[in-house]
Colleague: 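Right, I'll just put the structure down here and ask away after.
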Amino acid sequence: MTEVSSLTGRLLVATPALADPNFDRAVVLLLDHDEEGSLGVVLNRPTPVGVGDILESWADLAGEPGVVFQGGPVSLDSALGLAVIPGDEGPLGWRRVYGAIGLVDLEAPPELLASALGSLRIFAGYAGWGPGQLEDELTEGAWYVVESEPGDVSSPSPENLWRSVLRRQRNELAMVATYPDDPSLN
């Protein structure tokens, strides 16, 4: 098996050609990527469910919009907390994934992290790929791989994230941001 170059911390941005409705115009932050597979969360799928409805103790710390996001089609009954914590050291109850972005132990008391949090977002479920599956999708042209920015995790306008991530690229991908929602109407 060939060595897999880690894409942890990068964004997968769905191409207009991606046919899976679970990932239509999705922006996925990869939390883990190695030869055993990949795991990430969709950053731009807010649900109507408030954080306080399922994790009351974390509701005051969640950024706007204060709702749970659908992190992907896998394990929708489980929750993941993602937080941006600036600096070199993170508090107890937080594990760095990439840069200032890390996973929150939602079983920990929120007050352990409250003073250090730059932002917090709660996700129901995640996106997962088995060994080689994501690489196959990349070869097929289903995803653009781009650098993430800490603000992507806490975008106050998640519905615009697909376009804004593409627009900030310094190459031909910036043009894809103008791709119409329904190209058949052109």
Side-chain angles (χ1 to χ4, degrees), residues 3-14 23 26-47 51 54-131 133-135 138 143-158 161-162 164-165 168-169:
E3 185 177 324
V4 172
S5 177
S6 181
L7 299 176
T8 298
R10 310 270 309 268
L11 295 177
L12 299 178
V13 181
F23 296 108
V27 177
V28 178
L29 174 66
L30 282 175
L31 303 175
D32 191 27
H33 176 251
D34 58 26
E35 63 279 343
E36 294 177 23
S38 304
L39 180 138
V41 290
V42 178
L43 297 177
N44 59 335
R45 295 280 192 275
T47 71
V51 172
I54 61 163
L55 292 169
E56 186 178 343
S57 60
W58 290 96
D60 290 340
L61 298 175
E64 289 301 319
V67 298
V68 175
F69 282 66
Q70 184 175 338
V74 182
S75 292
L76 290 171
D77 57 347
S78 65
L80 281 168
L82 241 129
V84 175
I85 297 184
D88 294 331
E89 294 295 317
L92 193 62
W94 180 79
R95 181 178 60 84
R96 185 177 313 278
V97 171
Y98 181 83
I101 301 166
L103 288 167
V104 173
D105 177 0
L106 296 173
E107 300 292 322
E111 47 280 356
L112 283 179
L113 293 107
S115 64
L117 281 179
S119 67
L120 171 70
R121 190 144 283 165
I122 305 296
F123 297 88
Y126 62 90
W129 294 264
Q133 187 179 5
L134 178 57
E135 288 73 18
L138 291 172
W143 301 99
Y144 303 120
V145 179
V146 301
E147 295 298 322
S148 65
E149 294 180 1
D152 295 333
V153 171
S154 57
S155 172
S157 302
L161 192 61
W162 185 84
S164 65
V165 167
R168 74 177 183 229
Q169 303 310 305

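Computed from a prediction, not measured in an experiment: that's the story for all the values here.
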Colleague: Is it true that atom CG of D60 has more than 12 heavy atoms of other residues, nucleotides or ligands lying nearer than 6.0 Å?
Modeller: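 Incorrect, the count does not exceed 12.
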Colleague: Mind checking what makes ring-ring contact (aromatic ring centres under 6.0 Å, His included) contact with W143, not counting sequence neighbours?
Modeller: F23
Colleague: Quick check on E56: does its CD atom have over 12 non-hydrogen neighbours (other residues, nucleotides or ligands) under 6.0 Å away?
Modeller: no
Colleague: Taking all non-hydrogen atoms of both residues, which atom of P91 and which atom of L112 are closest, and how far apart?
Modeller: CB-O, 3.7 Å
Colleague: Quick one: does P65's side chain get under 4.5 Å of P158's, heavy atoms only?
Modeller: yes
Colleague: Could you check if a side-chain atom of V145 sits within less than 4.5 angstrom of a side-chain atom of L11, using non-hydrogen atoms only?
Modeller: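 No, every pair of side-chain atoms sits at 4.5 Å or beyond.
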Colleague: To check you understand the geometry: which heavy-atom pair defines the closest contact between V165 and D152, and what is its length?
Modeller: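 Closest heavy-atom pair between V165 and D152: CG2-OD1, 4.1 Å.
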Colleague: Does the side chain of I85 come within less than 4.5 Å of E89's, by heavy atoms?
Modeller: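 Result no, sub-4.5 Å side-chain heavy-atom pair not found.
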Colleague: Hey, are the side chains of V42 and L29 touching, using non-hydrogen atoms and a 4.5 Å cut-off?
Modeller: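 A side-chain contact is absent here, since even the closest heavy-atom pair is not under 4.5 Å.
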Colleague: Decide side-chain contact (heavy atoms from CB on, under 4.5 Å) for I54 and V68; before the verdict, give the C-alpha distance in whole Å, the side-chain angles of both, and the deciding distance to 0.1 Å.
Modeller: CA-CA 9 Å; I54 61 163; V68 175; 3.5 Å; yes
Colleague: Shortest non-hydrogen contact from I101 to W94?
Modeller: C-CZ2, 3.8 Å
Colleague: When you measure from the side chain of W162 to the backbone of A14, do you find a donor-acceptor pair of N or O atoms at a distance under 3.5 Å?
Modeller: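 At least one qualifying donor-acceptor pair exists.
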Colleague: From S164 OG over to N44 CG, what is the distance, rounded to the nearest 0.5 angstrom?
Modeller: 9.0 Å
Colleague: Hey, what do you get for CD (E135) to OG (S38), rounding to the nearest 0.5 Å?
Modeller: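 One finds 5.5 Å between CD of E135 and OG of S38.
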Colleague: With the side chain counted from C-beta on, respond yes when V104 and L82 share a heavy-atom pair under 4.5 Å apart, and no when they do not.
Modeller: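 Counting from C-beta outward, V104 and L82 never come under 4.5 Å.
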Colleague: Is any side-chain heavy atom of L55 closer than 4.5 Å to one of L106?
Modeller: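 In contact.
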Colleague: List the atom of F69, the atom of T47, and the distance in Å for their closest heavy-atom pair.
Modeller: C-CG2, 4.2 Å
Colleague: Quick one: CG on L7 to OH on Y98, what's the gap to the nearest 0.5 Å?
Modeller: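 The OH atom of Y98 is 10.5 Å from CG of L7, to the nearest 0.5 Å.
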Colleague: I'd like a table of donor-acceptor pairs (distance under 3.5 Å, sequence neighbours excluded) in which one partner is a side-chain atom from residues 118-125, with atom names and distances.
Modeller:
unit_1 : atom_1 : unit_2 : atom_2 : d
R121   : NH1    : V153   : O      : 3.1
R121   : NH1    : S155   : O      : 3.3
R121   : NH2    : E64    : O      : 2.9
R121   : NH2    : S155   : O      : 3.2

Colleague: Do you know the tightest heavy-atom contact between L117 and A83?
Modeller: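 Of all heavy-atom pairs spanning L117 and A83, the closest is CD2-CB, 3.3 Å.
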Colleague: Within this structure, what is the CG-CG distance for the pair L80 and L103, rounded to the nearest 0.5 Å?
Modeller: 6.0 Å
Colleague: Report the C-alpha separation of H33 and R10 in whole Å, then their side-chain angles, then the decisive distance to 0.1 Å, and conclude whether the side-chain contact (heavy atoms from CB on, under 4.5 Å) test is met.
Modeller: CA-CA 10 Å; H33 176 251; R10 310 270 309 268; over 6 Å; no
Colleague: Is there a side-chain contact between L76 and Y126, using heavy atoms and a 4.5 Å cut-off?
Modeller: no
Colleague: Taking the side chain as C-beta and beyond, is there a heavy-atom pair between L134 and L12 under 4.5 Å?
Modeller: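 SC-SC contact between L134 and L12 confirmed.
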Colleague: Going through the checks in order, is the side-chain contact (heavy atoms from CB on, under 4.5 Å) test met by Y144 and L138?
Modeller: CA-CA 8 Å; Y144 303 120; L138 291 172; over 6 Å; no
Colleague: Residues in side chain to side chain donor-acceptor pair (under 3.5 Å) with T8, at least two apart?
Modeller: S6
